[in-house]
Amino acid sequence: MQTVSSERPSEPSLEVYHRNKEELEKMPVLGRTKTVCPVCKRIIDGVIYRDGDYVMIRKECPEHGLFIEKYWEDYYLYDKMSKLQYNGRGLENPNYIPDTLGANCPFDCGLCQRHLSHTALANVVITNRCHLNCWYCFFYAKEGEPIYEPTLDEFKKLFANLRAQRPIPPNAIQLTGGEPTMHPQIVEIVKAAREAGFEQVQLNTTGINLGLNPDLAVRLRYAGVNTLYLSFDGVSMRANPKNHWEIPFILDAARKAELGIVFVPTVIRGINDQELGAMVNFALNHLDVVRAVNFQPVSLVGRMPDKARESMRITIPGMIKELEEQTHGVINKDDWYSVPYTGAFDKFLEAATGRYMYDMSIHFACGMGTYVILDDDKRIIPIPEFIDVLGLNEYLKEEYEEIKDDNRISKKIKAAKVLLGVRKFIDEKKQPKSVNFLKLLTNFLVNKDFNSLGAIHHRTLFLGSMHFQDEYNYDIARVERCDIHYAMPDGEVLPFCTFNVFPEIYRDKIQRQYSIPADVWKKQHPNWSYDADKYKRDVKKLQESELYRKVYGGIVDYFALPVNGGNPVPFARPELPSVGDSTANSEKFGVRVKR
Amino acid sequence: MSEVQDSEKKKQADATGEGVEETSKVGIRINARAVGKHKETPSFSEAGASYEDELIEELGKKYHVPYRIVKEAVVAVKRADLGDQGRAAMLQYKLMTDDAIIKASVNYITGKITIIYNPKGAKNLRPKTDLDAIVAKLHAEGIEPLSVEEHDYDYYREFYSYAFNPPKIRDRPPYGYDAEKWKKIREDYEKERQKHEEEKRRKFKEWQQEYYERHRDVLDKFPADLA
């Protein structure tokens with residue numbers, strides 16, 4: 001039986017894991033939910049409660065005992081953001097109808113009729129082959145394992161199935177893997193996604209194949225890729241052994257191909273959380289191509305020792321507080337809002353126009369975001385500094401209630417007045433010097449002039465954070481609202497946190513069903529070998545290149561400028577190895593080098 | 001029961017679609033119609049299944065669909081055996097961890113367990129099981145089946161084709177509209193949406209042409225991309 005150790009840890013932030021039952025009973029309860037036993041997967045009650053500044057979840061399995069986990073590392077943000085929660089509408093045509101009506105959630109997925117959100121971002125796995133062997137990744141074919149790599153026609157069928165969702169078909173798709181650029185028909189697949197009607201095509205990639213083959217970046221952009229969803233775990237080689245050396249080449253290829261980049265750091269406490277400010281700063285240095293940094297606090301899937309889990313755990317507010325500290329308050333926790341914030345806009349605009357809006361009805365604890373603007377004088381200005389974001393939300397909520405029962409004409413008349421009223425939420429004195437935000441917002445909301453947003457395109461950085469769940473912090477109220485879904489080869493559609501948290505019954509199981517056995521694959525591809533798929537990094541060559549030294553040697557620390565308070569962010573500039581020292585330096589970090 | 005009587009009863013069962021009750025190895029009464037058949041059929045390697053057996057053709061295009069006719073077992077159980085809703089869900093999870101079980105559903109309210117599985121002898125390359133093994137699995141979880149019905153299940157038609165073409169089961173009007181108001185304007189909305197889709201495609205083509213002009217040095221090397 002699992003028991004919570006009474007031994008107090010030396011680190012104060014870990015004490016919350018070691019309360020006894022008497023102490024737990026005294027903690028204020030914030031909510032009750034359903035969750036899962038990490039050991040046997042029984043569905044059990046979860047209690048969300050406050051422990052000091054932290055929001056925690058506890059659950060007790062009759063067989064495996066008590067489990068305690070951090071839910072959100074900030075009570076103030078929890079209290080503020082939980083008020084934004086609302087229920088979405090799910091699908092009119094769910095792909096799977098279990099006779100349990102979804103009572104066994106999260107084991108009834110497909111999507112079932114109980115699900116509350118439509119697909120906002122559709123993930124499609126292109127291949128399970130990968131050119132890297134990252135120690136922490138289970139999601140690629142090892143030698144001798146079956147290969148999952150559907151054909152172009154099969155992808156077309158998946159895309160059509162996603163686009164047939166009603167009432168709101170997804171318009172954003174992420175092609176993922178393995179490494180999606182390893183599929184020999186990746187260009188045709190992108191083209192097919194566009195033809196199916198997806199407007200936003202993202203490629204979830206290490207970027208290595210693009211950095212080393214810039215022509216491929218141009219071909220993919222032409223075919224329809226908008227954005228590279230790029231692994232980027234830190235500025236230093238220690239924090240980012242995956243593609244630190246290739247990043248300069250990837251940025252260069254993306255710049256030439258006119259591809260936008262979203263940096264996607266997986267944040268692990270004690271591993272790379274000390275570089276959050278440095279990553280934002282690095283993104284600001286490449287604002288001509290980098291559109292966003294989307295931090296993903298680690299999802300600790302699989303069994304691991306409690307001590308390791310507790311010390312590596314970081315949640316969205318934990319990440320935000322670290323970023324605030326590292327940027328010396330320039331980007332602070334009040335600048336961030338949960339994704340369902342946008343619901344007030346959606347509801348109001350739908351009621352006003354009778355047209356569906358993209359409905360981001362996820363759970364407030366799943367994702368947060370903010371925008372920062374780099375002004376002409378290099379000042380970094382988070383948008384909530386000059387827009388009363390919460391006031392605007394409340395205003396639209398109230399006005400929605402006012403117009404929702406009106407007839408259509410009356411709705412339109414009232415809506416025009418409401419949109420003009422939006423101006424009172426913008427503080428013109430505090431807005432960036434380089435942008436007339438009021439004019440821009442009016443053009444956008446009243447005239448639906450999307451081109452007007454181009455004025456801030458290369459000045460704005462979106463900062464986001466999505467925290468995918470694991471068995472320890474699992475909350476069924478979150479997964480039933482998920483809007484990041486995987487399209488499966490059997491026609492089912494699965495939320496991210498069922499697909500990846502229970503791979504044995506979803507991701508791996510279904511992919512095994514639809515994969516090609518290793519021996520058949522070898523017969524079909526006589527010239528293929530597992531080893532030939534793998535990337536062999538020439539660290540010396542990369543590190544001694546002009547581009548590498550220019551990109552990492554020429555970083556401006558925007559936070560160290562007087563206009564931003566004059567305090568440098570930690571690890572803003574990685575130490576450049578001296579020429580000739582490259583290979584030895586890299587091997588220290590376990591990087592496979594070419595000999 | 002003599003062999004002749006047994007054979008007669010099986011023929012009758014095949015004709016009426018009703019099962020013949022027998023006692024399985026693990027001691028419960030099962031519908032023997034399909035069980036008897038798959039026991040006699042060789043496993044996939046004996047049957048010489050190949051990857052090509054897993055391909056189907058739709059409108060002249062080939063798709064990989066690993067299963068065709070598989071089995072669906074419907075097991076009636078006592079609710080008390082399931083314990084509670086949470087334990088029923090756990091049982092469903094455990095059943096689904098078996099790769100030979102394609103889909104499982106444990107309905108706590110009705111006391112019914114439905115299991116779609118890949119039977120021994122099916123012509124595909126995927127793991128297989130049989131009813132005895134499934135019933136043994138249930139026994140191991142403390143479940144005493146009251147009855148077991150088993151029949152053929154057309155995976156391609158009933159599962160795969162449904163998931164790829166799910167019918168609309170309900171209306172979800174825009175916020176601020178009830179079903180009545182929405183009914184009146186839905187048609188207009190659909191037309192407008194269609195127009196918007198066409199406009200999107202046109203704009204993308206225009207953008208592609210401009211992009212091509214800027215990057216023809218690269219794109220001209222890949223004429224297939226331009227098609």
Side-chain angles (χ1 to χ4, degrees), chain A residues 40-44 89-90 92-100 103-104 107-108 110 113 150-151 153-154 157 161 166-167 187 194 197 199 215 218-219 221-224 257-258 346-347 350-352 354-356 400 403-404 408 411 489-492 502 504-505 509 512-514 516-517 520, chain B residues 50-51 61-64 66-67 85-90 92-94 96-97 99 102 105-110 112 114 125-126 159-177 181-182 185 189 192 197 200-201 204 208 211-212 214-215 218-219 221-222 225-226:
Chain A
C40 68
K41 314 297 187 273
R42 186 179 183 133
I43 302 303
I44 49 180
R89 293 163 287 200
E92 289 179 343
N93 53 347
N95 306 70
Y96 176 60
I97 310 284
D99 77 338
T100 56
N104 291 342
F107 307 133
D108 279 334
Q113 64 271 50
T151 63
D153 283 334
E154 285 161 352
K157 198 169 178 178
N161 198 28
R166 292 293 179 274
V187 174
R194 274 287 183 168
E199 281 176 285
D215 281 2
V218 173
R219 295 173 64 201
R221 180 71 185 108
Y222 177 79
E258 306 171 39
D346 298 337
K347 287 187 175 183
E350 277 194 15
R355 303 287 174 260
Y356 289 106
Y400 166 72
I403 68 166
K404 73 181 166 79
R408 219 176 161 204
K411 273 177 176 168
D490 63 0
E492 293 188 288
F502 307 106
E504 59 279 20
I505 63 165
K509 180 185 176 92
R512 268 198 301 273
Q513 289 173 353
Y514 282 78
I516 304 173
V520 177
Chain B
S50 71
Y51 182 70
K61 287 175 179 161
K62 281 193 172 173
Y63 299 96
H64 182 203
Y67 312 108
Q85 185 71 59
R87 192 168 171 271
M90 176 186 75
Q92 181 170 314
Y93 164 84
K94 283 188 176 174
M96 282 167 64
T97 56
D99 273 353
I102 300 164
S105 168
V106 178
N107 193 323
Y108 173 68
I109 303 294
T110 59
K112 190 176 86 175
T114 309
L125 303 177
R126 310 296 142 180
F159 184 86
Y160 177 94
S161 298
Y162 185 95
F164 271 107
N165 192 20
K168 191 173 133 178
I169 58 163
R170 59 193 174 192
D171 268 327
R172 288 286 188 255
Y175 295 116
Y177 288 81
K181 282 184 194 165
W182 176 232
I185 59 170
Y189 166 76
E192 208 175 287
E197 290 292 325
K200 250 170 39 181
R201 285 190 175 88
F204 179 63
Q208 267 190 321
Y211 187 82
Y212 169 74
R214 293 196 295 277
H215 296 275
V218 175
L219 292 168
K221 290 189 268 181
F222 306 95
D225 291 2
L226 304 173

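Letters A, B, ... mirror the listed sequences (proteins, then strands); counts begin at 1.
Residue B/Ser161: no heavy atom, backbone or side chain, is found under 4.5 Å from chain A. Only the side chain of B/Gln92 has a heavy atom closer than 4.5 Å to any heavy atom of chain A. Interface remark: A/Val218 contributes backbone and side-chain atoms alike to the contact with chain B (heavy atom separation under 4.5 Å). Only the side chain of B/Phe204 comes within contact range of chain A, with heavy atoms under 4.5 Å apart. Only the side chain of B/Glu197 comes within less than 4.5 Å of a heavy atom in chain A; its backbone stays farther off. Within the 4.5 angstrom heavy-atom criterion, no atom of B/Ile109 approaches chain A. With a 4.5 Å cut-off on non-hydrogen atoms, B/Tyr51 touches chain A through its side chain but not through its backbone. For chain A, no part of B/Tyr108 is nearby; none of its heavy atoms comes within less than 4.5 Å. If you measure heavy-atom distances from A/Ile44 to chain B, you find no contacts under 4.5 Å at all. Both the backbone and the side chain of A/Ala103 come within less than 4.5 Å of a heavy atom of chain B. Only the side chain of B/Lys200 comes within contact range of chain A, with heavy atoms under 4.5 Å apart. With a 4.5 angstrom heavy-atom cutoff, A/Lys411 touches chain B only via side-chain atoms. B/Arg170 touches chain A through backbone and side chain together, each having a heavy atom under 4.5 Å away.
A/Thr100 and B/Asn107 share no side-chain donor-acceptor pair at under 3.5 Å. Side-chain contact, B/Tyr93 with A/Glu504: a donor N or O sits under 3.5 Å from an acceptor N or O.
The side-chain heavy atoms of A/Glu350 and B/Tyr177, taken from C-beta on, include no pair separated by under 4.5 Å. Using a 4.5 Å heavy-atom threshold, the side chains of A/Tyr514 and A/Pro150 count as separate. In this structure, the side chains of A/Gln113 and A/Pro98 come closer than 4.5 Å at one or more pairs of heavy atoms. At a threshold of 4.5 Å between non-hydrogen side-chain atoms, the residues A/Asn161 and B/Pro166 count as touching. A/Ile97 has its side chain within reach of B/Tyr162: a pair of non-hydrogen atoms, C-beta onward, lies under 4.5 Å apart.
Taking chain A as the reference chain and counting heavy-atom pairs below 4.5 Å, the highest number among B/Asn165, B/Thr110, B/Thr114, B/Val106 is found for B/Val106. Ranked by heavy-atom pairs under 4.5 Å with chain B, the first of A/Lys404, A/Arg219, A/Glu492 is A/Arg219. For the set B/Lys62, B/Lys112, B/Arg214, the count of heavy-atom pairs under 4.5 angstrom toward chain A peaks at B/Arg214. Chain A forms the most heavy-atom pairs under 4.5 Å with one residue out of B/Met96, B/Lys181, B/Lys94, and that residue is B/Met96.
Partners of A/Arg194 according to the side-chain hydrogen bond (donor to acceptor under 3.5 Å, both in side chains) rule, which considers only residues two or more places apart in sequence or in another chain, are A/Asn226. Listed by chain and number, the residues in a salt bridge (Lys or Arg N to Asp or Glu O under 4.0 Å) with A/Arg166 amount to none (sequence neighbours excluded).
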For the pair B/Asp99 and A/Arg512, evaluate salt bridge (Lys or Arg N to Asp or Glu O under 4.0 Å) and give the outcome as yes or no after the intermediate values.
-> CA-CA 9 Å; B/Asp99 273 353; A/Arg512 268 198 301 273; 2.7 Å; yes
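For B/Trp182 and B/Tyr175, the distance between ring centers is not under 6.0 angstrom.
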